[in-house]
Amino acid sequence: MRLSQFHLATVKEVPADAEIASHQLMLRAGMIRRLASGLYTWSPLGLRVLRKVEAIVREEMNRAGAIEMLMPSIQPKELWEETGRWQKFGGQLLKIRDRKQQEFCYGPTHEEVVTDFARNELKSYKQLPVNFYQIQTKFRDEIRPRFGVMRAREFLMKDAYSFHLTQESLAETYQAMYQAYTRIFTRLGLTFRAVQADTGAIGGNASHEFQVLADSGEDAIVFSDGSDYAANIEKAEALAPTGERPAPGAALQRVDTPTQKTIAEVSALLQVTPRQCVKTLLVRGRDGLVALCLRGDHEINEVKAGKLAELPDESVLASEEEILAVCGTRPGFIGPVGLPQSVPVIVDRDAALLADFVCGGNADGTHFTGANWLRDARITRIADLRSVVEGDLSPDGLGVLHLARGIEVGHVFQLGSKYAEALDASVIDDQGKAQVMLMGCYGIGVSRIVAAAIEQRHDAAGILWPQAMAPWQIAVCVINPKNLPTVSAVAEALYQSLSERGIEAVLDDRGLRPGGMFADMELIGIPHRVVVSERGLASGTLEYRARDQAESRALSEAELFALLD
RNA sequence: CGGGGUAUAGCUCAGUCUGGUAGAGCGUUGCGUUUGGGACGCAAAAGUCGGGGGUUCGAAUCCCUCUGCCCCGACCA
């Protein structure tokens, strides 16, 4: 590509609202332009990168035996009512009407459509297993779009759906996808981890997320230093502590804590550590309020709470009025001691081991000290309620857990029969009987990968693309060609021979001053750069510099080709 | 959805408190000088000050209202 024939649109300034590096650099490099909240135009430069990612994803999906197809982005309401998700999906589902007032949605995912396709196309077990995929634009009306294409409303996704007669077959394809994903992210040059993920309300046997490690990531992940255990923090089990609860040693005593509501305030006032306190959360259960008790230094894990039989999938804190009605106090002074019998008290494993602890007094402005389970407070049930913390033992018993931040770029999931059942997608088995198919689904956030890569690889000057994602491999910069026509000719010849070798080169023939040219090529992250100038011609060598190195070095043309091959 | 902020030239932003001729930098266009790390000079084009309503002799500025956008929060007592 000759840059004089391209539309490169770098800018020096960046809107103040671009917060993270990838968003800022994508705007500065002119890869994307915002059209509306969560909607971005991909410029020619940005599209080159997006296509690189897409191509690798496509190659590896094909290699793993998946078959590409393309489904509509707009989907009819009726299909979504069959699975019940027209209501359940909530506000993220963008609903639209056509001129006849028929209702549709812009597809946030394609389980319904692909299962409908499958139930019409797949009739015999002999057609299974099969794995369909597409690379399609999706729309999710995010509560709060942010970070550019990282959490956009419209985004490009690869989604695959596999169909099976047996669980073994599903597990096999799941494994194949897991491996394909590992190849994809490795080829893309990303530092990532596959982590166990929560399967959510859908259930199912297995789910893994592929997380690109980056401090700006929105997900918390944990991994063991003594094994290959890794999980999303939503999923990670906090091992049951060993040891017995000590016998009560202190008397229950009510103390004044007039304005101390938080664990930090209470523990500071009473001169105890947060881990000697119990915090009590009142949430709306399926049948009245439920108390959840945790050690003061621990945090509730909402996914774990959602799995309790007493609670709905997504628990909601009780309102101040509800709390006042049930336990006669306001938030900040709730405790397990003396709660009405109607309120189940579910206690975290670690909190259940405390003795002589501090907790809310169930009366405004007071807490208890010297509280003890059983003697002073009921335990309806002990459960794993908390999120793991740095230093916890790994659930597999090997090593200690560490926390990191990640950007979710892929997710593989064994769906089971949920959608096939709802849409009655079945095939005839070898006994001549109809059997509902089992499904897996496998997503990759193609556009998000571009942002994730930048989060992981950038410096003060701009982006450092991994080789596989770079819009071009090498930039040929022509310096001051007006003075010496041979400079242009040599640059042109070099550009030609690079192209003939199948090396993607960009010729910067815009006639900029050197500083502007270098700054642009560094900003847009081209891995290799060669400068052609009067000075270089005199020495008979090429001036080469790698994007990630501070110094240039002289190379012959042969050496340059060897480097790039 | 709750709270906060913001909207002025293509971009980034001053100006608003205290009403009185619309500003800067970057970018763009032209001419000239420059040419190894975002050059310099001269000249120029460019804004319905988000929309609507009101107050006033007079509104970017004050008041009301609508809209867009951004941030924080949406459970952790």
Side-chain angles (χ1 to χ4, degrees), chain A residues 9-20 23-24 27-28 30 33-39 90-91 143-148 257 259-267 274 277-284 290-306 311-312 314-320 322-324 327 329-336 348 351 358-362 364 367 385-387 460-462 477-484 487 508 510-523 529 531-536 538 543 545 550 552:
Chain A
T10 57
V11 290
K12 287 184 194 165
E13 286 172 303
V14 66
D17 52 38
E19 290 196 283
I20 61 172
H23 189 193
Q24 291 172 356
L27 287 169
R28 280 227 290 139
R33 296 284 185 238
R34 195 186 70 89
L35 178 65
S37 177
L39 302 179
I143 295 175
R144 198 170 140 207
R146 58 182 131 181
F147 303 150
T257 51
T259 59
Q260 287 72 26
K261 294 184 164 195
T262 63
I263 292 292
E265 290 163 352
V266 170
S267 57
C277 301
V278 165
K279 68 172 149 190
T280 306
L281 315 177
L282 279 181
V283 298
R284 291 185 193 147
V290 175
L292 304 177
C293 293
L294 294 157
R295 221 167 66 184
D297 58 332
H298 287 151
E299 299 292 328
I300 188 87
N301 182 317
E302 289 175 50
V303 170
K304 291 177 182 176
L311 299 183
E314 287 189 17
S315 52
V316 179
L317 279 188
S319 69
E320 195 162 325
E322 289 170 297
I323 292 170
L324 202 56
C327 53
T329 186
R330 281 199 292 271
F333 307 107
I334 308 168
D348 180 68
V358 170
C359 64
N362 285 332
D364 282 8
H367 276 75
L385 291 180
R386 70 176 177 95
S387 290
C477 295
V478 192
I479 294 200
N480 202 13
K482 280 184 191 154
N483 282 0
L484 190 66
V487 169
D508 196 343
R510 294 175 297 172
L512 293 192
R513 302 169 64 84
M517 204 155 34
F518 298 157
D520 272 352
M521 292 306 105
E522 283 159 18
L523 175 60
R529 182 185 80 193
V531 175
V532 179
S533 68
E534 194 173 349
R535 187 201 291 175
E543 182 181 329
R545 181 164 154 189
S552 302

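Note that this is a predicted model, so its numbers are computed, not measured. Throughout, a chain's letter reflects where its sequence line sits, starting with A, and its residues are numbered from 1.
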note = Assert: residue with more 5' nearest nucleotide on RNA chain B, out of A/R146 and A/K261, is A/R146
request  = For A/N362 and A/G335, indicate whether the former's side chain and the latter's backbone hold a donor-acceptor pair under 3.5 Å.
outcome  = yes
query = Could you give the CG-to-P distance, from A/L35 to B/rC69, as a whole number of Å?
reply = 10 Å
ask   = Is there a Watson-Crick or G-U wobble partner for B/rU16 with both distances under 3.5 Å, and which nucleotide is it?
value = none
task = Measure the shortest side-chain to side-chain distance between A/V487 and A/V478 over non-hydrogen atoms and say whether it is less than 4.5 angstrom.
result = yes
key: side chain to side chain contact (heavy atoms under 4.5 Å, CB included), paired with A/N301, selected from A/H298, A/K304, A/E299   = A/K304
remark   = Comparing A/L294 with A/E522, nearest RNA chain B nucleotide closer to 5' gives the residue A/E522
inquiry  = Using whole Å, what does the distance between atom C1' of nucleotide B/rC70 and atom NE2 of A/H23 come to?
reply    = 11 Å
ask   = Does A/S37 place a side-chain N or O at less than 4.0 Å from the phosphate oxygens OP1/OP2 of B/rC70?
value = yes
key: salt_bridge(A/R529, A/E522) N-O dist < 4.0 Å   = yes
ask   = Is A/R295 touching bases, backbone alone, or none of the nucleic acid, heavy atoms closer than 4.0 Å?
value = nothing
query = Less than 4.5 Å apart, any side-chain heavy atom of A/I323 and any of A/R330?
reply = no
Pairing partner (Watson-Crick or G-U wobble, both distances under 3.5 angstrom) of B/rC1 = B/rG73
message = Taking only the C1' atom of each, what is the distance from B/rU34 to B/rC40 in whole angstrom?
response = 8 Å
inquiry  = Students often get this wrong, so: under 4.0 angstrom with heavy atoms, is A/R34 touching a base, only sugar-phosphate, or nothing?
reply    = sugar-phosphate
query = Judged by atom type as modelled, is there a donor-acceptor pair below 3.5 Å linking the side chain of A/D297 to the main-chain atoms of A/P274?
reply = no
request  = Please name the pair of heavy atoms, one in A/I263 and one in A/C277, separated by the smallest distance, quoted to 0.1 Å.
outcome  = CD1-CB, 3.9 Å
query = Out of B/rU35, B/rU12, B/rC69, which nucleotide sits closest to the side chain of A/K482?
reply = B/rU35
request  = Using both distances under 3.5 Å as the test, list the Watson-Crick or G-U wobble partner of B/rG58, or none.
outcome  = none
request  = Both distances under 3.5 Å, Watson-Crick or G-U wobble: report the partner of B/rA9, or none.
outcome  = none
query = Sequence neighbours excluded, which residues qualify as side chain to side chain contact (heavy atoms under 4.5 Å, CB included) partners of A/Q24?
reply = A/V14, A/A18
task = Looking at every strand, decide which applies to A/L292 at a 4.0 Å heavy-atom threshold: base, sugar-phosphate, or nothing.
result = nothing
query = Taking only residues two or more places apart in sequence, or in another chain, which ones meet A/E322 in a salt bridge (Lys or Arg N to Asp or Glu O under 4.0 Å)?
reply = A/R284
request  = From the options B/rG37, B/rC69, B/rC1, select the nucleotide whose nearest atom is closest to the side chain of A/I143.
outcome  = B/rC1
request  = Could you state the atom-to-atom distance from CD1 of A/I479 to P of B/rG37 in whole Å?
outcome  = 9 Å
Protein N or O to nucleotides 38-42 of chain B N or O, pairs below 3.5 Å:
from: B/rG38; atom 1: O2'; to: A/K12; atom 2: NZ; distance (Å): 3.1
from: B/rG38; atom 1: N1; to: A/D520; atom 2: OD1; distance (Å): 3.1
from: B/rG38; atom 1: N2; to: A/G516; atom 2: O; distance (Å): 3.4
from: B/rG38; atom 1: N2; to: A/D520; atom 2: OD1; distance (Å): 3.3
from: B/rA39; atom 1: OP2; to: A/R513; atom 2: NE; distance (Å): 3.2

ask   = Between A/N483 (CG) and B/rU33 (P), how many Å, whole number?
value = 13 Å
ask   = Which part of the nucleic acid, if any, lies within contact of A/R284, taking any heavy atom under 4.0 Å across all strands shown: a base, the sugar-phosphate backbone alone, or nothing?
value = nothing
task = For B/rA7 versus B/rC49, give the span between their C1' atoms, rounded off to a whole number of Å.
result = 9 Å
ask   = With no angle test and no hydrogens, is the base of B/rG10 tied to the side chain of A/R33 by a donor-acceptor pair under 3.5 Å?
value = no
request  = Specify the separation, in whole Å, of atom CG of A/L39 and atom C1' of B/rC69.
outcome  = 13 Å
query = Which part of the nucleic acid, if any, lies within contact of A/V283, taking any heavy atom under 4.0 Å across all strands shown: a base, the sugar-phosphate backbone alone, or nothing?
reply = nothing
ask   = Expressed in whole Å, how much space separates the C1' atoms belonging to B/rG15 and B/rA59?
value = 14 Å
inquiry  = Can you tell me the base-pairing partner of B/rC40? Count Watson-Crick or G-U wobble geometry only, both distances below 3.5 Å, and say none if there is no partner.
reply    = B/rG32
request  = Measure distances between side-chain N and O atoms of A/E13 and base N and O atoms of B/rG25, and say whether any donor-acceptor pair falls under 3.5 Å.
outcome  = yes
request  = Would you classify A/P331 as touching base, sugar-phosphate or nothing, given that sugar-phosphate means primed atoms plus P, OP1 and OP2, and contacts are heavy atoms under 4.0 Å?
outcome  = base
key: Euclidean distance for C1', B/rU21 against B/rC11 (whole angstrom)   = 26 Å
